[in-house]
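Proteins get letters first, then strands, A, B, ... in listed order; numbering begins at 1 in each.
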Amino acid sequence: MSDMAETEFKQAVYEVVRRIPPGRVMTYGQVAAYCGAARAARIVGQIAMFGPDDLPWQRVVYKDGRLAGAFPGGRSHQAALLEAEGVEILPDYQVDVDKLLWEPQH
DNA sequence: TACGTGACTTTGG
DNA sequence: CCCAAAGCCACGT
């Protein structure tokens, strides 16, 4: 209540992540870019750690396609969630980001 | 109020 | 190919 409104950036991250459809993924840098801070990829991770857990954070991956190492339950859990959405998990906990990358529809 | 740390990405040696 | 540093924003001390 004391905080009138959380930063626009953080709110934007919430909205973007919420809009990622099942079976698709976005990179940290891409999410940051859509929120007005192309170089704030790290911040997306920070927000993911402190942000609401009802958002599909498992759909946010490295630009390289690797899964986050600090995902609650571990990479295997994140991989399981993605696999349940139909995402093919490649060896070394990677996904075909080139193929699954999703861009918000403007 | 200031400083350090961190779910990242890019650039340069 | 491997390593180091900068830049971004949020949060705890």
**Message:** For nucleotides 4-10 of chain B, give me one character per nucleotide, 5' to 3': B if any protein heavy atom sits under 4.0 Å from the base, S if the only such contacts are to the sugar-phosphate, - if neither.
**Reply:** --BBBSS
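- Between B/dG4 and C/dA5, the distance separating the two P atoms is 15 Å to the nearest Å.
- When all heavy atoms of A/L100 and A/G23 are compared, the pair lying nearest together is CD2-O, 3.7 Å.
- Looking at residues two or more places apart in sequence or on another chain, you find no side chain to side chain contact (heavy atoms under 4.5 Å, CB included) involving A/P72.
- Aromatic ring pairs are classed by plane angle as parallel below 30°, tilted from 30° to 60° and perpendicular above 60°; the pair A/H77 and A/F71 is tilted.
- Taking the side chain to side chain contact (heavy atoms under 4.5 Å, CB included) definition, one finds that A/L67 meets it with A/V61, A/R75, A/Q78, A/A79, A/L82, A/Y93, A/V95, sequence neighbours left out.
- Listed here is the closest heavy atom pair of A/E85 and A/P22: OE1-CA, 3.7 Å.
- The interatomic distance linking A/Y34 (OH) with C/dC8 (P) rounds to 21 Å, in whole Å.
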